[in-house]
Protein chains: 2
Amino acid sequence: MADRAGEEERLAFLSRSEFFGGLDPEGLERVYRAARAHRLAPGEICFHQDDPADRLYLLVSGRMKLTQVTPDGRQVLLRFVEPGGMFGGIALFVRERYPAAAEAVSESELLSWDGPTMQELVQAEPKVALNVIQHLAAMVKSLQDRVRALSTERVEQRLARALLRLAAQSHGAAGPGEPRILRLTRQDLGELTGTTLYTVSRVLSRWESQGLIESGRERIVIRDPGRLAALVQDPEV
Amino acid sequence: MADRAGEEERLAFLSRSEFFGGLDPEGLERVYRAARAHRLAPGEICFHQDDPADRLYLLVSGRMKLTQVTPDGRQVLLRFVEPGGMFGGIALFVRERYPAAAEAVSESELLSWDGPTMQELVQAEPKVALNVIQHLAAMVKSLQDRVRALSTERVEQRLARALLRLAAQSHGAAGPGEPRILRLTRQDLGELTGTTLYTVSRVLSRWESQGLIESGRERIVIRDPGRLAALVQDPEV
DNA sequence: GGCTGTCTTTGCGCGCGCGCAAACGTCCCT
DNA sequence: AGGGACGTTTGCGCGCGCGCAAAGACAGCC
């Protein structure tokens, strides 16, 4: 049973989300009433790859990761989703099946809407349509960057780039606390940058010995963002 | 001076384009009147990378290619645009500068609209908003595929995949004429699949000697789509 | 506390694919 | 018809990064 305070809080959260920002109060209310709530334990799967794509998800708290598996068993990590972020959206508009699986990294709360509701909402609310367009356009841009990186850069550069990007996005999500601790495995980083956990481990080890970073089990701290950024530009002298 | 027949033809073309399909006649008319027409010679540039992004383009006839240059001079070919296709659209909604350059491959006719017009149109016409969303969602899907390919597949697989995709999209654009002749250089193929023109040349030579394809200067004909498709799945026995 | 599972490190060797160089083929232009 | 620009082919060598194997470190659990 949702108390009024909880509901107001959730409405405020909705109004700050990528898709529903800028919506008028009654619109928000309607959106909120159409939502279904979910709670996932760490490691739990929200949907599998190739499941019929019928819902759009908003992450309220926790952390999700979206991964793709190739026919021959190799994995690719598409992206992490931070609170306020949405996923499952592409499929709603173009595909009948999810192109990736969504897994909870930590305990996560979600809200979700079904396809028809979203389609209708997009048609009825221009602001939502514009939000969706901007969200998709941002994804296109980020994917284009990734394609360029994979096509032209060496592993080291891609890794440096990935670390900085992860730091930036986790910084945006969490408070502006100085120490940016990235919580992911070497395997995750490899799948994110198109390399293997072995190569990731070797590169990180060297960087640690050079004082660029500090690392442990599922933990990476960037000590020298400047030199890391320099590495992105320059294939190291 | 546009005669009535030419205008009706162009309106019909608009109604078949990615963004304006499903629009009512008066809407189409309005869109058409807001358009500016362009004609480009082969090799001519529509816009350069990092130019201020203020227009959306629709290719009426001809062929364009979108390329990105990295700081260190390497090139990436994002995609070819066939007649009926749009480009420059992402930038309008999220970015103030074009992330890539657009160059005419052959003599090309274009229509274009400015940013404010499009923004307004998206808000006023739900159908256009939905079209834009679907177009962007399709790009996201295709880019995700490309990232997966670059991350997990060998050069041979990526090349086979690219050839089949190019054949499909040029088939869609042109008539269903049996012989699918791809017109691009080894360099283009390299930039499209994240490899070098040398490697492309070597692979194509071998495929030609095996009867998979037939090739010449700026010309590739797929002779055995089946075996090529098999190559995509299987890293070759 | 010890034990188990997961994550990480490092050695070792090999092969894919890069990248330079140079020759060759093909098309276009005058 | 000739010339020149541009695309293509191929040889050669090397180095990045893969991928297996096995040991080591860390956290959680009972």
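The analysis underlying the following values was restricted to heavy atoms, covering all of them including side chains, and did not include hydrogens, waters or symmetry mates. Given the structure is predicted, the values throughout are model-derived calculations rather than measurements.
Formation of a donor-acceptor pair under 3.5 Å by the B:Ser215 side chain with backbone atoms of B:Arg219 is not found in this model. A donor-acceptor pair is defined here as one N or O able to donate and one able to accept, closer than 3.5 Å; such a pair exists between the side chain of B:Gln49 and the backbone of B:Val69.
Backbone-only contact: B:Ser205 has heavy atoms under 4.0 Å from sugar-phosphate atoms and none from a base. Heavy atoms of B:Ser201 sit under 4.0 angstrom from at least one base atom. Among the protein residues, A:Arg217 comes within range of the nucleic acid bases, having at least one heavy atom under 4.0 Å from a base atom. Within 4.0 Å of B:Arg183, counting heavy atoms only, lies no atom of the nucleic acid at all.
Terminal axes of the helix from C:dG1-D:dC30 to C:dT30-D:dA1 (five pairs each, C1' rotation axis) are separated by 40°, to the nearest 10°.
Between B:Phe19 and B:His135, the ring centre distance stays below 6.0 Å.
In summary, contact between chain A and DNA chain C, defined as any nucleotide atom under 4.0 Å from a heavy atom of the protein, begins and ends at C:dG5 to C:dC12 in the 5' to 3' direction.
For the pair B:Trp207/B:Leu163, a side-chain contact is recorded, criterion being any heavy-atom separation below 4.5 Å from C-beta on. Side-chain contact check for B:Gln169 versus B:Phe80: some heavy-atom pair is nearer than 4.5 Å.
A straight line from CG of B:Leu204 to C1' of D:dT8 spans 10 Å, rounded to a whole angstrom. Distance B:Arg206 CZ to D:dT10 P: 12 Å, rounded to the nearest Å. Straight-line distance from the CD atom of B:Gln187 to the P atom of D:dT8: 9 Å, rounded to whole Å. Rounded to whole Å, atom P of D:dT8 lies 9 Å from atom CG of B:Leu184. Whole-Å rounding puts the A:Arg219 CZ to D:dG28 P distance at 13 Å. As a whole-Å value, the separation of A:Leu197 CG from D:dA25 P is 18 Å.
With respect to B:Arg158 and B:Glu153, no salt bridge is recorded, no charged nitrogen being found less than 4.0 Å from a carboxylate O. The pair A:Asp188-A:Lys65 counts as a salt bridge, with a side-chain nitrogen and a carboxylate oxygen less than 4.0 angstrom apart.
In summary, the side chains of A:Ser61 and A:Glu109 do present a donor paired with an acceptor at a separation below 3.5 Å, with no hydrogens or angles considered.
Between A:Tyr198 and B:Val200, the residue whose closest nucleotide on DNA chain C is further toward the 5' end is A:Tyr198.
Annotation: the span from A:Met86 atom CE to A:Glu18 atom CD amounts to 7.0 Å, rounded to 0.5 Å.
The side chain of B:Arg186 contributes no N or O atom lying less than 4.0 Å from OP1 or OP2 of D:dG7.
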